[in-house]
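Residue numbers run from 1 in the order of the sequence given. Here the structure is a predicted model, which is why all the values come from computation and not from measurement.
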Amino acid sequence: MGAQTVVIAGHRAAGKTRLLPLVSRLLGRTGLDLDAELERRHGRPLRSWVAESPTTFRAAERETLGLLPSGSVVAVGGGFLSHHPEVLAGHFTLVVPVTFDTYRERLMADTTRPRLRADVSLEEELHSLFHEREAMHARVPTISLADFLRGCLAQEPA
């Protein structure tokens with residue numbers, strides 16, 4: 001893995017931000033949340049930005065990842081893996097798994113997250129986004145959280 005940036009990716013509400021400090025500590029690297037960096041650098045709340053101008057948000061998201069220090073651990077937003085797969089080339093991409101039921105339950109309970117398809121019901125939005133992104137995620141070279149942890153544990157001294 002060396003000085004390669006570790007990107008923690010996966011669906012919305014998968015737990016990427018929660019895992020960030022744990023993976024950072026495990027690897028002894030700086031951890032950064034891309035969404036927090038975007039808000040800090042642009043002074044704009046993500047909820048309104050995504051709703052008002054998804055195209056400029058996605059462009060800023062892509063650009064900002066490239067500006068972060070190489071070798072850090074970065075948690076990216078839920079759409080990053082499906083919107084910017086080519087940007088992840090050269091990075092070590094760790095995917096955090098989540099079942100549809102858990103994804104649905106978390107997003108139904110979290111009213112702070114922006115709607116991505118307000119023209120359909122929330123139920124339909126969640127179902128279609130999850131399954132569309134699952135198909136896109138399958139085409140991106142990633143390592144599963146379980147395999148990553150097995151690899152880390154195998155390197156621990158006995």
| said: Ignoring hydrogens, what is the shortest heavy-atom contact between Val96 and Ala14? Give both atom names and the distance. | reply: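 In this case the closest contact between Val96 and Ala14 is CG1-O, 3.5 Å.
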| Looking only at heavy atoms, which two atoms of Lys16 and Ala9 are closest? And how far apart? |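 Heavy atoms of Lys16 and Ala9 come nearest at CD-C, 3.4 Å.
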Quick one: does [X]'s side chain get under 4.5 Å of [Y]'s, heavy atoms only?
X	Y	answer
Arg117	Ser128	yes
Leu94	Val23	yes
Arg133	Leu81	no
Val74	Thr5	yes
Leu27	Val6	yes
Leu34	Leu68	yes
Thr142	His137	no
Arg139	Pro85	no

Backbone of [Y] reached by a side-chain donor or acceptor of [X] within 3.5 Å:
X	Y	answer
Gln4	Gly90	yes
Thr102	Thr99	no
Glu125	Val120	no
Ser70	Ala3	yes

| Will you find, in the side chains of Thr64 and Arg41, an N or O donor that is under 3.5 Å from an N or O acceptor? |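 Distance-only check fails for Thr64 and Arg41.
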| request: List for me each residue that meets salt bridge (charged side-chain N to carboxylate O under 4.0 Å, His left out) alongside Arg58, sequence neighbours excluded, and say none if there are none. | output: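 Here the qualifying residues are Glu61.
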| task | Please determine if Glu52 and Arg47 form a salt bridge, counting it only when a charged side-chain N lies under 4.0 Å from a carboxylate O. | result |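 No, this pair does not count.
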Is there a continuous path of hydrophobic side-chain contacts, each under 4.5 Å between heavy atoms, that joins [X] to [Y]?
X	Y	result
Leu22	Val73	yes
Leu88	Leu20	no
Val98	Phe148	no
Val76	Phe130	yes
Val140	Met136	no

Which distance, rounded to the nearest 0.5 Å, do you find between the [atom1] of [X] and the [atom2] of [Y]?
X	Y	atom1	atom2	answer
Tyr103	Leu126	OH	CG	5.0 Å
Ser24	Arg29	OG	CZ	9.5 Å
Phe57	Leu38	CZ	CG	5.5 Å
Asp35	Arg40	CG	CZ	13.5 Å
Ile8	Leu19	CD1	CG	6.0 Å

| request: Just grab all the salt bridge (Lys or Arg N to Asp or Glu O under 4.0 Å) pairs involving residues 65-87, residues at least two apart or on different chains. | output: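 Sorted pair list: Arg62-Glu86.
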| Which pairs, with at least one residue in residues 91-108 and sequence neighbours excluded, count as a salt bridge (Lys or Arg N to Asp or Glu O under 4.0 Å)? |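 Output for this query lists Arg104-Glu123.
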Would you please name every residue forming a side-chain hydrogen bond (donor to acceptor under 3.5 Å, both in side chains) with [X], sequence neighbours left out?
X	value
Thr17	Asp33
Glu134	His11
Thr56	Trp49, Ser53

| said: Could you go through Phe92 and Val7, starting from their C-alpha distance and side-chain angles, then the distance that decides it, and tell me whether this counts as side chain to side chain contact (heavy atoms under 4.5 Å, CB included)? | reply: CA-CA 6 Å; Phe92 182 89; Val7 175; over 6 Å; no
| request: May I have the step-by-step check of side chain to side chain contact (heavy atoms under 4.5 Å, CB included) for Val50 and Leu116, ending in yes or no? | output: CA-CA 8 Å; Val50 169; Leu116 300 179; 3.6 Å; yes
| request: Applying side chain to side chain contact (heavy atoms under 4.5 Å, CB included), run through His91 and Leu65 and close with a yes or a no. | output: CA-CA 11 Å; His91 296 305; Leu65 180 66; 4.1 Å; yes
| Where does the angle between the aromatic ring planes of His127 and Phe100 fall among parallel (under 30°), tilted (30 to 60°) and perpendicular (over 60°)? |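 Ring orientation of His127 relative to Phe100: perpendicular.
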